[in-house]
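A quick write-up on the structure given underneath.
Residue numbers start from 1 in every chain, and the chains themselves are labelled A, B, ... in the order their sequence lines are given, proteins ahead of strands.
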Amino acid sequence: MSQTALIGNPNTGKTSLFNSLTGSYEHVGNWSGVTIEKKIGKLKTEDGFLIDLPGVYSLHPLSKDEAVVIRYMLHEHPQTLLNIVDASLLERNLQLTVQLLEYGKPLILCLNMVDVAERRGLKIDDRLLSKRLGVPVIPVIARKGEGCQEISVLLNQTIQTKPIAIFYGDMVERAIDSIVRLLPENLPFSARWLALHLLEQNPYAMEFAQEWISEEELKQQIEAVSQELKKHGDSTVSRSIFNTRKNWISQIVNECVVMEEKASAVNWTKRIDDVLTHKILGVPIFLAFMYLLFMMTFNWIGTPLSDMLDRFFNGPLTKWMEQLLVSIHAGPFVRALVLNGIVGGVGGVLVFIPQIFVLFFFISFLEDSGYMARAALVMDRLMEKVGLNGKAFIPMVIGFGCNVPGVMAARTIEQPKERLLTILLTPLMSCSARLPVYALFTGAFFDHHQGEIVFSLYVLGISVAFLLAKLFSSTVLKNEASIFVIELPPYRVPQWKTLWLSTWDKGKGFVRKAGTFIFGGSVFIWLLSYMGPGGIGVSMDESFLAKIGGLIAPLLVPLGFGTWQAASSLLTGFLAKEVVVSTMNIIYHAANTSSLKGVITGNFTPLSAYSFIVFILLYVPCVATVAAIRHETGSKKWTFFSIGYGLAIAYLLSFIIYQGGQLFI
Amino acid sequence: MIINSLIVAAVFGYAGYTLYRYIQRTKQGGHCAHCSLKDKCTTKCETVKKESISH
């Protein structure tokens, strides 16, 4: 089966093109760093695979995710390269294109975002560009799928392209020749391409070629060329190669691109940016957007929809289930299992789907409009002060959906200690699994201020993360600060299809989990509540669940929720945070969310309820996140640390809130 | 009686299966498990060579 590699700079629309050509859906974002591993999809029209690689500016990697590309090209040898470039930033994008052209494999150049380029007054002669580069050039608008058909047709044909041979000057050329002589003749790609990467001291190329050319030998070659170059005013071999390519590209761009006086779009973007990324106003604007997000989710749109769903589960659905169970003569055990275990456990979580989807819809809207990249820039100033990199904001926002991909997204951070710090702090971002717990408690105790209370929890999570970042970066994780570079994509009006797909992508895990793991967990918890040391069908207070929870409950008394019910819910919440709600539904025998709210108002006070949800926000990450932390840090020590500090900070804050609050109430 | 047994077996069987699968996925560290292409992906989730984090 043939392999086509999709390569390009970050944020050039690779994932959109991938979706159009393969028919599968992968998360698309209007900001850098969405693809962190290679993704493989089957081409729609051809018997082959399309490999989506992380966005890179050069084949010389700076971070772990960027190394995926060079390693792939060295070891897996794609038959065709599909290079996607941002037409509005052609000159910069061509730096990577040149390196791909030198690879010596057939290449198709996709000129994406031609519409944006035109709005910016850039007119690109794609035919002339094709002639000058010696490869097919297809103008596309990947988001709308325009031009994708032509690419599919081309992928079905045999494309013959010759590797370009830029003249790098006598000295560099001599070094290239002598390295090529040492390399085997049967390399699956151009030996000249590998020689150039060796001269640029690309660590992955050096590792690949070490059996033919030793590091010592290579260093001698580079040293010899550098000495010669210095005599002629160039600083290093890499710099000389870069400059030669830059000149070559500038010449082509001058020939193929006409700049018209039409800078209104750029001006608009700049004007909006002046406000949104303002030094003083930037952070309050970001917080205002977040506040609006939660008001819409909890007060204006999400909760009314959730209430409707709850009425359906409570009314018709439960009635039908009961009738069905009676009609098939189900015994009391089966009735209790289905109605209390499954409907109570799974249904209790499912009713919060509307709120979760509303929240994700607006987060997707902010991402796709281009605002999130600005938010990362605004937050960078704050994050820099606490020892984090602005790039850490991206994993943290992803963490609002689910902490697992958030922890994984930390790979885009180059500096190892900043990466570790981000991995450790991402679980403090309030993931969607915690939303049902917030919705339940805020609905019960703070009915008219749900949005504000949940907003306060998110802000608390971010603030604690920043404070701990400052603490860790000045004690256990001292590091050198690195520079944050982020590309600000042009603003755009999000498309409904993209918004829906992005919302679904974020929320589908929640729905799937309700039908699988929450189901299994609910049955297991129900069984623990139905059985006890005294046998089967015991009263709830005599059940295994009560006994286990009772062991921990005394520790929670100072926090305001020292009951076995709260302790058991917290224990099961380690499996997945939604299970806290399932457990409460089962423990309190609640027929629906409204009656559960009624029961918990009898067992909590508003103060202890707030203390409880703060504890839920901060205590241990769920088991899947713990596994991801273990995988990403490769260290048991840091995995236990992430659990330990979470518990400690949750206990401390809940203690302060409850005990401090009692002084005023 | 038979129906009761069947329902109990089906519910506990499925519940056990979902818990088992969840634990298996968790062991993977979330890599393939959280990739929306995992059903179409034909190669294993080969990630970048792990760089040890210096402490």
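In terms of heavy atoms, L575(A) sits closest to Y22(B) at O-OH, 3.2 Å. Here the closest non-hydrogen pair linking T18(B) and G520(A) is OG1-CA, 3.3 Å. In terms of heavy-atom proximity, F519(A) sits nearest to V11(B) at CE2-O, 3.9 Å.
Atom CD1 of residue I328(A) and atom CD1 of residue I2(B) lie 12.5 Å apart, to the nearest 0.5 angstrom. Note that CG of N4(B) and CZ of F333(A) are 10.0 Å apart. Values are rounded to the nearest 0.5 Å.
Within the 4.5 angstrom heavy-atom criterion, only side-chain atoms of L527(A), from C-beta onward, approach chain B. For F524(A), the part lying under 4.5 angstrom from a heavy atom of chain B is the side chain only.
Scored by the side chain to side chain donor-acceptor pair (under 3.5 Å) test, Y14(B) finds no partners at all (sequence neighbours excluded). Looking at residues two or more places apart in sequence or on another chain, you find no ring-ring contact (aromatic ring centres under 6.0 Å, His included) involving F12(B).
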